[in-house]
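Every value quoted in this text rests on a predicted model; they were computed, and no experiment measured them. Heavy atoms only: backbone and side chains are in, while hydrogens, waters and symmetry mates are out.
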Amino acid sequence: MKPASKFYRPPEAEKRVQRWWEEKGIYRKVREKGRGGKPWYFLDGPPYASGSIHLGTAWNKILKDVLLRYWTMRGLDVRRQPGWDCHGLPIEVMVEERLGLRSKKDIEREVGVERFIEECRRWALEHVRLMTDQFKSLGVWMDWEEPYLTLTNEYIEAAWWTLKRAHEKGLLRKDLRVIHWCPRCETALAEHEVRGEYYEVRDPSLYARFRLKGEEGYLLIWTTTPWTLPANLAVCVHPDLTYARVEVGGEVYLLAEGALPRVAKELGWREYRVVGRVEGRRLEGLRYEHPLLEEVPRQREFAEHHRVICGEHVVLEEGTGCVHTAPGFGEEDFLVGERYGLPAFSPVGPDGRFTEEGGKYAGLFVKEADPAVLEDLRGKGLLVKGGTVVHSYPHCWRCKTPLIFRATEQWFLRVSELKPLLLEKNREVEWIPSWVRERYVNGVLSVGDWCLSRQRYWGIPLPLWVCGSCGRSELVGSLEELRALTGEKGELDLHRSDLDRLRGRCPGCGGEMRRVPDVLDVWFDSSIASWASLGFPQRRELFERLWPSAFITEGEDQVTKWFYAQQVSSVLAFGKVPYRRVLTHGFALDAQGRKMSKSLGNVIDPVEVAREHGADVLRLYILSANPPWEDLKFNPTELRRVGRAVNVLWNVHVFATTYMSLDSFDPRRHPLEGLLPHLLPEDRWMLSRVQGLVEEATAGLEGGEVHRAARALLSFVLEDLSRWYVRAIRPRTWVEKEHPSKLAAYAVLYYALERLLRLLAPFAPHLAETMYADLRVDPSLPESVHLLDWPLPEDRLRDMRLERAMELARALTERVAEARQGAGLKLRWPVEEVVVRLQEGEAELLRGMEDFLKGRFNCKRLLLLGPGEEVPPGEYSTVEAEGRKVAVSRALSPELRGEALARELVRRLQVMRKEMGLGMEERVEAELGMGEEDARTLEPHLEYLRREVRIEGLRLCRREEVGKEGHVRDWEVEGETFRLLLRRRG
RNA sequence: GGGCCCGUAGCUUAGCAUGGUUAGAGCGCUCGGCUGAUAACCGGGAGGUCCUGGGUUCAAAUCCCAGCGGGCCCA
C-alpha cells in the first residue's frame, strides 16, 4: 500500500493520469476487455465541426462518457465511435470570411469551387482535431482515432444509397415552393434553420389602394414589403368576415369591417361612413386593376388573374383584411394561389435582385425597390399612407441577413406520405423521460415535407442526373453507379469539386446528362449516421451485427431535429426505427437561468473550468446538479462545493492509505472473510451501506437518472464514509499492530473504498484511477480501475435493521452534542454518564451498540430507558426531541478531569510534533511543566500520553523547570498555563 | 398563437407518478467546537405566502383548471 500524497490537485493529477493512460494504452485495453461481450451499439450524435466546445456540448459528451464507461464495466462490448457533422453553411460562411469573400459569385469567380471546397474540408478537419483534444481533456473516452466523418466518400455513398431508396419509392419530388431564402448566401433555408432567428426590425408600413373594375371604389391593402407589389397577382379576403364599403373624402374603400376602427385611426380618417356591407365570400372574383401595370409589363399577361380570392389565413389583427397576394413571394400566398391556378410569378433572382421580368425595377435589390415602389404608387395616386413599423422578421442564421421568400424549384422528401408509418414505428422507441414521446409525436404531426436541396457547395452532392436531350433523370446510388453513368475511372472525391466536371451518358437516348448542381441539407447527413457510420452499405457485417443502435442521447432541441430526421431516413430506408432508447438532456444556462451568449458575456468555457477545478469536479457537478432532462443552471458555488466533496474523499483516502501502509496492511493477508467475527456494529453497518450505494448507483445509471447515482456517491462519501465511519474507527487505528479490531476496520475500509472507486470510475475517472493506484497492492489485479467490473450488491452483507439502528444512533449523537453545548461541555471532554429515554422498541434496536454509542457520546456509562421510564435524579443537561430525551451528566470527577487534561495535552503536543516536522513514527523526549495539582490529576494517564505522542523519556515538572533544548511552547488550558517541551530522540 | 418541461429558504435543490409527520438537505449567514484526514473538518441556530388565483378533498407542495414567469420546440 502506498501512502497517498497529502494534497490532491485535480488539474495536475488529471494530466498525469491522462498521460499514463496514453503510455499504457489503457483505453485500448479496456476496449479489448469488452470484446466477446454482448454488443452494445451506442450512437454519438455528431456535433458540428466548427468553433470549439461549449458547456452544452461538454455536458452532452460527459453524460455519454459516464454511460459508456458504465456499460463497459457491465461487460458489454460497447461501440463508442464519435461522429462529426462536417458539411453545411456555417463552415461555408466562416471560410468565406477567412478568404474575404462576400457572395457566391465571389466564390465561383475568385477562388473557384474546387479550392473553396478544399478550404471547407480543411476547416472541418482542423476543428475536428481541436474539439477532439478538448473532449479528451474532459476525460471523455471514445474512439477518437476512428471517428465517423460525414465528409468521407463512404459516408456520402451511404447518403446516396438512402436517397435512392426514397427515389425508388417515389418519395423524392421536385416541387415549386415558396421558401425562406437568404439573398446573401443565395440558398434555400429549411424551416428549422429559421427557428429562433426572428429579430425586431423597422420596415415600411404601406397602405395602398387598388382600383376596382366594374364598380366604384378601391381595395385597401397593407404591406410591410412594398417590393413584393410588382409580383402581386390577387387580393385575398376571408370568406367568413364581413367587409365594409367605407366612404372617406368622396372615395369608397373596401376593407374588413372588424379592421375598420384600427385602420381609420392609423390612416387618420376623422370622418368616414360605412355605405355598405358584404360577406367576404361574395367578393370572390371581383376584378381590380394592378397598380404597377406600366412599371411591370409582364403583369399585363396576368390581367385575368387580378381578382379577389378567398383564403382562411386572413386575419383581423393586422392589415385591412384585404391581403395583397404575391404567390412568388409568400408561402401562404403561394398555397392559396395554387387553388386559384395563379402562377408563382417571382421576378427576383437568387441574389435578391429583380430580374428582367421585374420591368422598371430590374437590377434593384429588393430592399432598394421599396422606396421606388412607394414613389411610383404616390405618383399614380394609389398610395394611401407610407409609414414604418417595427415587427419581428426572420434572418439568416449564419450571416444575419434579412430573409426573403421566393418561389423556387427544390427537391423534397415527401414526409407527408411517411407519417403514418413514422408514428407507428415510433411506438417501439423508449423515450426518457417518457413525456418526450408526446413532444416528438406533436412535432411529427405538424411538420411538412422536407426540403433537401441547397444551392451551395460544401455538402453531399445531390446525386440526381438529368438528360439534356430527353429529360430522363437518374439517381446515382453509389460510386460504382456514378462510374457507370459517367465512364469516369480515376480517383474521385465525391464533392462538387470533382463531380461538377463530370458528364453522364443517358441510358435512354445517349444524350448528355448533367447533375442537378444542388447539395443536400446537412440534416440529411446526420440522419443516416446509424448505418453510414457502420460503413453500410459498402460493408454489411457491422450493420447486421449492431443495427439499430441501442441508445442515443442529445439535447432537447434535437427532438424535432436529429431524433426526427433519423427516424424519417431510417423508416424510409428500412421501415424500422434506427434506435431503441433515447435520453433527452436539457440546455446549459448561466446561474440566472439565461442562455449563454457572447453578447451577454456569460459564456462558460468547460475546458477552462476543467483547467481550474479539474475535469472530474466539472463532471461530478454537471451530473449531480439536476436530472439530465432539466436545464442546467451553471452555478460556480455549487461547482466548488463538489470540489470540496472531492477533497474530503481525498482526505479519507489519505487517512486510509497512511495508516494501512504504516501498519503494512495487506488485504490479501487479511481478507474481509476471515475477519467477520471481529466486526463491530459500525463495520457491519458500513458494509451494508456499501450495498445500498451499489444499488442506488446502478439503478440511477440504468434508468437514465444519472443525477441520483452521482448524488448517492457524493452523499455516501460525505455523510457515511467521512463524517461517520472514519471518525468512528479512528481510535481503533491507533491500537497496537495486528489487533483484530484494527485489522477488521482496515478490511472494511478497504472494501468500502474499493467498491466506491469502481462506482466512481465512470463519474470521476481520473480521481478513481489515482486512488486505485495507491490502493492496488496485488499486482495480479488489473492495472487500471477502468478494467474492473461494475460491482453487484452482496445481499449477505446487507442489514436494514442495523442501518435503521445507526440512523437512530446518529440522531442521538446530534442530541448529545446539543445537550453538551447547552452545558458548555466540550466534546473532547468525557462525561460520566449519558441517559437516553427512547421510544418503543428503540432500545431493542440499539442492543449491541452500547460501546459504539459510548464512543460517539464520549461517556463512561450509558443508560438506555424505555418510553415510560424516568431519568434518575442527578445533575444533567437535557434535550428533548421527537419523543426522546437525552441527558448528559455535568459533574466532573478528578478522574475525568485527568483524562480530559491528558487529551488536551496530547492534542497540543501533536501540534508541536507537526511544527517540528516529525514523521508519525518518530520518537521524542518531553518535558511538561505545570502546577502540582494538575500533575497529580494527570498521573494515571501518563501511559496514554506516552503512547499517543510517541514519547520515550517523559518528565513532569514545574513550569520554570522546563529546559530550553528543544521545541518549547506555552499553552493555555482551561485558564492555566502549561509549558511543553519536545525534543527529537537520538 | 400551439405543444412539452420547469417554478419549494438569499442561492442550488429533495419531496410530487401512489394527497396524510413539524416540507428535508447543501451553500451562504450566525453561534460554538475540533486540530496526527488539516489549503480541512464537525455541531447548534435563524431563515419557507412550496409562483399566483380558483377547484376537488376530512386533508393539497403533491391531483384538476386558469393565469404569471423561465426554457426548448413548433407556428
Donor-acceptor pair under 3.5 Å, A:Ser722 side chain vs B:rA37 base: yes

Taking atom types as they are modelled, is there a donor-acceptor pair under 3.5 Å from the base of B:rC27 to the side chain of A:Arg640? no

Atom [atom1] of [X] to atom [atom2] of [N]: distance rounded to whole Å?
| X | N | atom1 | atom2 | result |
| --- | --- | --- | --- | --- |
| A:Asn635 | B:rU13 | CG | C1' | 11 Å |
| A:Asn651 | B:rU38 | CG | P | 5 Å |
| A:Arg439 | B:rA75 | CZ | C1' | 15 Å |
| A:Asn647 | B:rA39 | CG | P | 8 Å |
| A:Phe634 | B:rU13 | CZ | P | 13 Å |
| A:Leu718 | B:rG24 | CG | P | 21 Å |
| A:His653 | B:rU38 | NE2 | C1' | 17 Å |
| A:Glu638 | B:rA14 | CD | P | 11 Å |

Side chain of [X]: nearest nucleotide among [options]?
| X | options | answer |
| --- | --- | --- |
| A:Thr560 | B:rC73, B:rU35, B:rA39 | B:rC73 |
| A:Glu556 | B:rU38, B:rG44, B:rG71 | B:rG71 |
| A:Phe7 | B:rG43, B:rA39, B:rA37 | B:rA39 |

Quick one: label [X] by what it contacts on the DNA or RNA (base, sugar-phosphate, nothing), any heavy atom closer than 4.0 Å.
| X | value |
| --- | --- |
| A:Val648 | base |
| A:Val559 | nothing |
| A:Arg708 | sugar-phosphate |
| A:Arg903 | nothing |

Does the ring of A:Phe412 carry A:Arg177 above it, NZ/CZ under 6.0 angstrom from centre and within 45° of its axis? yes

Does NZ or CZ of A:Arg969 fall inside the cone over A:Trp971's six-membered ring, less than 6.0 Å from its centre and within 45° of the axis? yes

Mind checking whether A:Phe634 and A:Tyr621 have ring centres under 6.0 Å apart? yes

Strictly under 6.0 Å, is that where the ring centroids of A:Trp431 and A:Tyr440 end up? yes

Under a 3.5 Å cut-off for both distances, is B:rG26 Watson-Crick or wobble paired, and to whom? B:rC11

Partner nucleotide, any strand, of B:rA40 [Watson-Crick/G-U, under 3.5 Å]: none

Rounded distance in Å between the [atom1] positions of [N] and [M]:
| N | M | atom1 | answer |
| --- | --- | --- | --- |
| B:rG69 | B:rG33 | C1' | 44 Å |
| B:rC63 | B:rC16 | C1' | 10 Å |
| B:rA25 | B:rG48 | P | 15 Å |
| B:rU18 | B:rA75 | P | 34 Å |
| B:rG10 | B:rU49 | P | 7 Å |
| B:rG32 | B:rA23 | C1' | 27 Å |
| B:rU30 | B:rG71 | P | 34 Å |
| B:rA14 | B:rC27 | C1' | 15 Å |

Closest-nucleotide mapping onto RNA chain B: is A:Trp435 or A:Val652 further toward the 5' terminus? I mean the 5' end. A:Trp435

Using the closest heavy atom to pick a nucleotide of RNA chain B for each, name whichever of A:Ala625 or A:Glu438 lands nearer the 5' end. A:Glu438

Please tell me if [X] has a side-chain N or O lying less than 4.0 Å from either OP1 or OP2 of [N].
| X | N | result |
| --- | --- | --- |
| A:Arg644 | B:rC27 | no |
| A:Arg711 | B:rA14 | yes |
| A:Arg730 | B:rU38 | no |
| A:Lys633 | B:rC11 | no |
| A:Arg641 | B:rG26 | no |

Minimum side-chain heavy-atom gap A:Thr553-A:His585 below 4.5 Å: yes

Under 30°, 30 to 60°, or over 60°: which ring-plane class applies to A:Tyr564 and A:Trp450, parallel, tilted or perpendicular? tilted

Is B:rA17 syn or is it anti, if syn means the base angle is within 90 degrees of 0? syn

Using side chain to side chain contact (heavy atoms under 4.5 Å, CB included) as the criterion, point out the one residue from A:Asp616, A:Val717, A:Asn651, A:Leu620 that pairs with A:Val646. A:Leu620

Hey, could you give me the OG/CG distance between A:Ser661 and A:Asp774, rounded to the nearest 0.5 Å? 9.5 Å

